[in-house]
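Heads up, the thing below is written out as structure tokens.
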Amino acid sequence: MAWIAAVSGAVLVSLSFFYLSPDKAGGTISDVAVVVAGALFTAVFLSAISLVVRYRRANGVERQQLRWLAGSAILVVVYIVGGLLGEALWNLFNAATNAGLYAAVGIVILRYRLYEIDIIINRTLVYVPLTAILALIYVAGVVSMQANLRTLTGQESTLAVVASTLIIAALFNPLRRRIQSLIDRCFYRRTYDARKTLEGFSVKVRD
């Protein structure tokens, strides 16, 4: 369902760049727009049904996640009803619905760990500085090597780019491990301590 919704939405957005109303463009374009719109709404409907089934089978934290999402879905109904009652009420309900949706999803993510948001935060903390460091090393390597090659040969060469790329490739994993260890030690101490305990245990077993 997720793939169907994503592809259908992408097709509709793409058509909207070229046609103001793809469903009224006529010919094949209209047929495609109607088909993908039908597929999109069908996927959304079946996804909502799947959440009902999932709720019946869930327990604990997962059920709490689904309750909050169900509450935010009710706000969407309020939003639609507001559109039927006039522009002023629609604007009011629009603001209330957006605030409620963001609050509900935020609570689900932060309080009930939906999508394991701590993993996303961990990866962000690791890969943002890693990318910045590698970019600085790459730029510094290219500039310094180009300057040296220009001094020696009197002209620039692609050798500097190739050498810098190889250096980046060689440094990627060691740097990533060091930054990951630093992040875990500072912000994810329990994970860091558990990994160190397992590493020590592995050494003892190997010995």
Side-chain angles (χ1 to χ4, degrees), residues 1-14 16-17 43 47 50-51 54 58 60-62 64-66 68-69 72 98-99 101-207:
M1 291 302 102
W3 277 106
I4 293 174
V7 172
S8 301
V11 172
L12 283 177
V13 170
S14 300
S16 297
F17 282 120
S47 297
S50 73
L51 286 177
R54 185 174 175 182
V61 172
E62 186 177 9
Q64 293 296 331
Q65 294 173 352
L66 294 172
W68 277 98
L69 289 179
S72 63
N98 285 330
L101 282 171
Y102 296 146
V105 173
I107 290 172
V108 171
I109 290 175
L110 300 175
R111 175 64 180 84
Y112 296 109
R113 302 167 62 86
L114 182 64
Y115 306 132
E116 293 294 340
I117 193 68
D118 55 333
I119 295 177
I120 299 175
I121 295 173
N122 187 300
R123 294 296 182 270
T124 303
L125 290 173
V126 171
Y127 283 101
V128 167
L130 175 63
T131 303
I133 292 172
L134 291 178
L136 287 174
I137 293 174
Y138 178 80
V139 172
V142 170
V143 171
S144 61
M145 289 182 188
Q146 288 284 23
N148 291 330
L149 288 172
R150 197 180 302 111
T151 301
L152 295 174
T153 63
Q155 59 183 1
E156 295 183 352
S157 172
T158 57
L159 180 62
V161 176
V162 174
S164 296
T165 303
L166 292 175
I167 291 172
I168 293 300
L171 289 177
F172 180 83
N173 280 326
L175 269 176
R176 183 183 61 80
R177 285 194 293 267
R178 286 183 176 276
I179 295 174
Q180 182 72 68
S181 178
L182 176 64
I183 295 299
D184 288 343
R185 189 165 62 248
C186 294
F187 301 103
Y188 297 90
R189 190 72 195 190
R190 185 182 302 174
T191 302
Y192 177 80
D193 293 340
R195 187 167 65 244
K196 286 298 182 183
T197 301
L198 286 174
E199 289 175 357
F201 177 73
S202 298
V203 170
K204 289 182 180 179
V205 172
R206 183 187 62 207
D207 293 342

task = Without swapping roles, check the side chain of S181 against the backbone of R177 for a donor-acceptor pair under 3.5 Å.
result = no
query = Okay, side chain of S164, backbone of V161: is any donor-acceptor separation there less than 3.5 Å?
reply = no
ask   = Can you name the closest pair of heavy atoms from I4 and A43 and give their distance?
value = CG2-CB, 4.0 Å
ask   = Has the side chain of S50 got a donor or acceptor atom that lies under 3.5 Å from a matching backbone atom of S47?
value = yes
note = Taken to the nearest 0.5 Å, the spacing of Q180 CD from N173 CG works out to 12.0 Å
remark   = Value for CZ (F172) from CD1 (I137), rounded to nearest 0.5 Å, stands at 12.0 Å
query = Can you tell if the side chain of R176 reaches within under 4.5 Å of the side chain of L171, non-hydrogen atoms only?
reply = no
inquiry  = Could you go through L125 and I179, starting from their C-alpha distance and side-chain angles, then the distance that decides it, and tell me whether this counts as side-chain contact (heavy atoms from CB on, under 4.5 Å)?
reply    = CA-CA 9 Å; L125 290 173; I179 295 174; over 6 Å; no
ask   = Going from CG on L134 to OG1 on T165, what distance comes out if it is rounded to the nearest 0.5 angstrom?
value = 11.5 Å
query = Does R178 CZ have over 12 foreign heavy atoms under 6.0 Å away?
reply = no
request  = Flag the pair L182 / V126 as yes when at least one side-chain heavy-atom distance between them is below 4.5 Å, and no otherwise.
outcome  = no
key: Rounded distance (nearest 0.5 Å) linking atom CG of L175 with atom CG of L130   = 6.0 Å
